[in-house]
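What follows is a single structure, written as C-alpha cells, with notes after it.
Values below: every heavy atom of this structure, side chains too, minus hydrogens, waters and symmetry copies. Every chain is numbered from 1 and lettered A, B, ... according to where its sequence line falls, protein lines coming before strand lines.
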Amino acid sequence: MPAIPLPRTLYERRAPELAPDLLGCLLVREHEGRLAVGRIVEVEAYLGEEDAASHAHRGPTPRSRIMFGPAGYAYVYFIYGTYYCLNVVTGREGQGEAILIRALEPVTGIEAMYEWRRRGHRRADEAHSHSPSPHRLANGPGKLCQSLAIDKALNGHDLTRGERLWIEAGAGASVDRIGASPRVGVRGDELARSIPWRFFLAGDPCVSPTPLNRFHLG
DNA sequence: GTCAAGATTAGT
DNA sequence: CTAATCTTGACG
C-alpha cells in the first residue's frame with residue numbers, strides 16, 4: 001500500500017480549527033526498515049506571538065523558527081532534559097502556529113514501539129522499567145516520541161513526503177466523542193491557561209492521564 | 001557567562 | 001508531591 005500523506009494545503013488551516021480534525025488520523029513512522037502506526041487521540045493547538053503559552057510567543061528564535069516557516073513540517077523540541085515532543089506546523093508562513101501531538105492509540109508495529117521506547121529510556125529508568133500495556137505506550141507527548149523513535153533529527157522534517165514520518169487520513173472521529181479542555185501544563189496569562197485548545201477522544205483509554213479529561217464539548 | 005524555567009514522566 | 005536532567009532564551 002502506497003503512503004498517502006495529508007497534503008500541505010490541509011496543514012495551512014489555523015491550528016485551533018485543524019486540531020480536532022487530526023483526531024482519528026494515523027501517525028506513521030518508518031524507521032530501521034520497520035513501520036509503526038498510531039491513531040491520534042489527543043492534540044493541542046498553539047498560535048504565534050499572541051499566544052502566551054506558545055514557544056512562538058516571543059517571535060522567531062533558533063528553537064521556534066520552524067514554527068514560523070511553511071505548514072506541513074515537523075517541529076520537534078527537547079524538554080526537561082529527558083523528552084522530545086512532536087508538533088506539526090500549521091497556518092500561513094510567518095504566523096508561528098503549530099499543533100502538539102499528545103497521544104496515540106497504537107495500531108501497527110507495536111513490537112517496534114516497545115523496542116524503540118525501551119531504547120529511549122535513560123539507564124536509571126531502564127533498571128525499573130517494565131513493558132506497559134499498549135494503551136500506555138504513547139499516552140503522552142514524551143512517551144509518544146520515545147515509542148516512535150522521534151528526536152531532534154526529525155525537527156524540520158517534511159510531513160507531506162510519505163517517508164520516515166507522516167500523517168494519513170483515518171476513520172475520523174465522531175463529533176460527539178471529541179472532548180475539549182484547557183492545555184496541559186502551560187503557563188502564561190489567564191487566556192492562555194483557560195482557552196480550550198486541547199482536543200481529545202472522550203473516554204478513549206489512550207488519552208493522557210489528567211484531571212482535565214472530565215472537560216467535554218459537544 | 002550565568003541562571004531560572006520548562007507544551008513531562010515515574011516514583012514515593 | 002518531588003526528582004531527574006539539560007536545552008533554551010533572557011539578561012548583562
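Here A:Thr9 pairs with nothing under the side-chain hydrogen bond (donor to acceptor under 3.5 Å, both in side chains) rule; sequence neighbours left out. Legend: residues meeting side-chain contact (heavy atoms from CB on, under 4.5 Å) with A:Leu165, ordered by chain and number and at least two apart, are A:Leu27, A:Arg29, A:Leu86, A:Ile150, A:Leu154, A:His157, A:Leu159. When the side-chain contact (heavy atoms from CB on, under 4.5 Å) test is applied to A:Arg92, the partners found at least two apart in sequence or on another chain are A:Gln95.
Rounded to whole Å, the P atom of C:dT2 lies 15 Å from the corresponding atom of B:dA5. Across B:dA4 and C:dA3, the matching P atoms stand 16 Å from one another, rounded to whole Å.
B:dA7 has no base stacking with the ring of A:Tyr77 when judged by centroids under 5.5 angstrom apart and an interplanar angle below 30°. The ring of A:Tyr83 does not lie on top of the base of B:dT8; it is either too far (5.5 Å or more) or too tilted (30° or more).
Separating the CD1 atom of A:Ile79 from the P atom of B:dA10 is a distance of 16 Å, rounded to the nearest angstrom. Spacing between atom CD1 of A:Ile101 and atom P of B:dA7 amounts to 17 Å, rounded to whole angstrom units. Following rounding to the nearest Å, A:Leu100 (CG) and B:dG6 (P) show an atom-to-atom distance of 16 Å. Between the CD1 atom of A:Ile195 and the P atom of B:dA7 there is a distance of 17 Å, rounded to whole Å. Remark: C1' of B:dT9 and CG of A:Leu144 are 14 Å apart, rounded to the nearest angstrom. When rounded to the nearest whole Å, the span between CZ of A:Phe78 and C1' of B:dT9 equals 13 Å. Rounding to whole angstrom units, CD of residue A:Gln146 and P of B:dA10 are separated by 7 Å. At whole-Å resolution of the value, CZ in A:Arg193 and P in B:dA7 are 14 Å apart.
Across all strands shown, A:Arg65 has no heavy atoms under 4.0 Å from either base or sugar-phosphate atoms. Among the heavy atoms of the strands lying under 4.0 Å from A:Tyr80 is at least one base atom, whether or not backbone atoms are also near.
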Legend entry - Intra- and inter-strand pairs of DNA chain B in dot-bracket (Watson-Crick or G-U wobble, both distances under 3.5 Å; | for another strand): ||||||.||||.
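One finds no salt bridge joining A:Asp158 and A:Arg164 here, because no Lys/Arg side-chain nitrogen approaches an Asp/Glu carboxylate oxygen to under 4.0 Å. Remark: A:Glu190 engages A:Arg193 in a salt bridge, criterion side-chain N to carboxylate O under 4.0 Å.
Between A:Arg136 and B:dA10 there is no side-chain N or O to OP1 or OP2 distance below 4.0 Å. Between A:Lys152 and the phosphate of C:dT8, there is a side-chain N or O to OP1/OP2 separation shorter than 4.0 Å.
For A:Tyr77 and A:Tyr75, the ring centers are positioned less than 6.0 Å apart.
Within the structure, side-chain hydrogen bond (donor to acceptor under 3.5 Å, both in side chains) pairs that include any residue of residues 36-45 of chain A comprise A:Arg39-A:Glu105, A:Glu42-A:Arg102, A:Glu42-A:Arg198, A:Glu42-A:Ser208, A:Glu44-A:Tyr46 (at least two apart or interchain).
Here the side chain of A:Arg117 is nearest to one of B:dA10, C:dT5, B:dT8, namely B:dA10.
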Legend entry - Residue pair A:Trp116, A:Glu32: steps toward the side chain to side chain donor-acceptor pair (under 3.5 Å) verdict: CA-CA 10 Å; A:Trp116 293 335; A:Glu32 298 174 337; 3.2 Å; yes
Legend entry - Pair A:Met67-A:His55, side-chain contact (heavy atoms from CB on, under 4.5 Å): steps then yes or no: CA-CA 9 Å; A:Met67 290 180 72; A:His55 288 172; 4.1 Å; yes
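Shown here for A:Pro132 and A:Leu137, the closest heavy-atom pair between the two residues is CG-CD1, 4.2 Å.
Near DNA chain B, meaning a heavy atom under 4.0 Å from it, residues 53-63 of chain A has A:Ala53, A:His55 in order of number.
Along DNA chain B, the nucleotide closest to A:Lys143 and the one closest to A:Arg187 are compared, and the more 5′ of them pairs with A:Arg187.
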